[in-house]
Amino acid sequence: MSHFIADLDEYFCEKYASYDKISILPDYKMPLMQGSKIDEFGRTITYTLPSENLRLAKQEKKDKLLAELKTRLTDLTFSFSFQPIGGFTRLKNRFSKYAFYKNLKKVLEKYDFTDADALETLDISEEIWKGIRKNKFLPTKNLLLSLALAAHLSFEDTTALCNLCGYEFDFAVVKDVVLAYLLQNRVYNRAMVEEALNEYSVANLFLK
């Protein structure tokens, strides 16, 4: 295993939050989630510990548990590459500084990423890409994350674009954890990206 994947594994154990999938793994030890303390009046106060205590990073056998989890991973996050925008919303977007297509234009210019670059690196038709750029379609989350990798966007800029479309990074989803790691650590090398995606069985992206 490369040092890069070992680092990703550490990050994944710290961040992955699908507790229903974690807790059924063999050798997983359910931690005590209730604590108690004595307050200033001598009373015993009970409280619930944060859910972060359920994560793999807190497990003594986290490496073994992670290896088992990897054998069970299947990416079911398929989505179409675009969503049509209704006429009223399209009209409203023309006057809003929060319209996705306006902010996309600014971000792509910031990273010097052209329409030609998009068509060369993304598995998307020219018609759909032009529609996204012209306020006719919204990209799905998978397409937007694919664009982030292709254009070498920062995690912050990717998060901002996602929010404009009503998406967010969900750390109970394997793909989101892996993509967050890549973007936060600015890992854009194609071979390394593919290694990470294969390691965690991430599929259904729109990368050529």
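In what follows, every heavy atom counts, from backbone to side chain, and hydrogens, waters and symmetry copies are set aside.
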Does a donor on one side chain and an acceptor on the other come within less than 3.5 Å for Tyr111 and Ser154?
yes
Please say yes or no: joined through hydrophobic side-chain contacts below 4.5 Å, possibly via intermediate residues, are [X] and [Y] part of one cluster?
X      : Y     : value
Leu65  : Ile5  : yes
Val173 : Leu66 : no
Leu145 : Leu76 : no
Leu138 : Phe88 : no
Leu69  : Ile24 : no

side-chain contact (heavy atoms from CB on, under 4.5 Å) between Val177 and Tyr11: does it pass, once the steps are laid out?
CA-CA 8 Å; Val177 180; Tyr11 179 92; 3.9 Å; yes
Would you mind checking if [Y] and [X] are paired as a salt bridge, meaning a charged N to carboxylate O distance below 4.0 Å?
X      : Y      : result
Arg190 : Glu194 : yes
Lys70  : Glu199 : yes
Lys62  : Glu10  : yes

Taking the side chain as everything from C-beta on, heavy atoms only, tell me whether [X] gets closer than 4.5 Å to [Y].
X      : Y      : result
Leu54  : Ser23  : no
Thr158 : Leu179 : no
Pro139 : Leu147 : no
Lys58  : Pro31  : no

Contact list for residues 84-106, test salt bridge (charged side-chain N to carboxylate O under 4.0 Å, His left out), sequence neighbours left out
Lys105-Glu109
Can you run down the salt bridge (charged side-chain N to carboxylate O under 4.0 Å, His left out) pairs that involve residues 154-173, sequence neighbours left out, and say none if there aren't any?
Lys110-Asp157
Residue pair Leu108, Arg133: steps toward the side-chain contact (heavy atoms from CB on, under 4.5 Å) verdict:
CA-CA 10 Å; Leu108 296 182; Arg133 297 280 272 126; 4.0 Å; yes
Once rounded to the nearest 0.5 Å, what's the spacing between atom [atom1] of [X] and atom [atom2] of [Y]?
X      : Y      : atom1 : atom2 : value
Ile128 : Phe137 : CD1   : CZ    : 4.5 Å
Tyr181 : Phe155 : OH    : CZ    : 14.0 Å
Arg55  : Phe171 : CZ    : CZ    : 8.5 Å
Glu195 : Asn198 : CD    : CG    : 8.5 Å
Glu52  : Glu14  : CD    : CD    : 10.0 Å
Ile124 : Leu143 : CD1   : CG    : 4.5 Å

Hey, is the main chain of [Y] close enough, under 3.5 Å, to the side chain of [X] for a donor-acceptor pair?
X      : Y      : result
Asn142 : Thr77  : yes
Tyr101 : Lys136 : no
Gln59  : Tyr28  : no
Asn189 : Ala191 : yes
Tyr188 : Leu153 : yes

Got more than 12 heavy atoms from elsewhere within 6.0 Å of CD, Glu126?
no
With a sphere of 6.0 Å drawn around CG of Asp112, does it hold more than 12 non-hydrogen atoms of other residues, nucleotides or ligands?
no
Could you walk me through whether Asp117 and Thr114 pass side chain to side chain donor-acceptor pair (under 3.5 Å), step by step?
CA-CA 5 Å; Asp117 293 329; Thr114 66; 3.0 Å; yes
What are the two closest heavy atoms between [X] and [Y], and how far apart are they?
X      : Y      : result
Leu182 : Phe4   : CD2-CZ, 4.0 Å
Asn103 : Ala99  : ND2-O, 2.8 Å
Ala150 : Phe113 : O-CE1, 3.6 Å

Checking side-chain contact (heavy atoms from CB on, under 4.5 Å) for the pair Leu8/Val187: CA distance, chi angles, key distance, verdict?
CA-CA 11 Å; Leu8 170 57; Val187 177; over 6 Å; no
Phe100: what forms a ring-ring contact (aromatic ring centres under 6.0 Å, His included) with it, not counting sequence neighbours?
none
With sequence neighbours excluded, what pairs up with Lys141 under the salt bridge (Lys or Arg N to Asp or Glu O under 4.0 Å) test?
Asp176
List the atom pairs, with distances to 0.1 Å, where a side-chain N or O of residues 200-208 and a protein N or O form a donor-acceptor pair under 3.5 Å, not counting sequence neighbours.
residue, atom, partner, partner atom, Å
Tyr200, OH, Asp9, OD1, 2.5
Asn204, ND2, Asp75, O, 3.4
Lys208, NZ, Leu119, O, 2.6

Shared-cluster residues of Leu91, by chain and number - hydrophobic side chains joined below 4.5 Å
Phe95
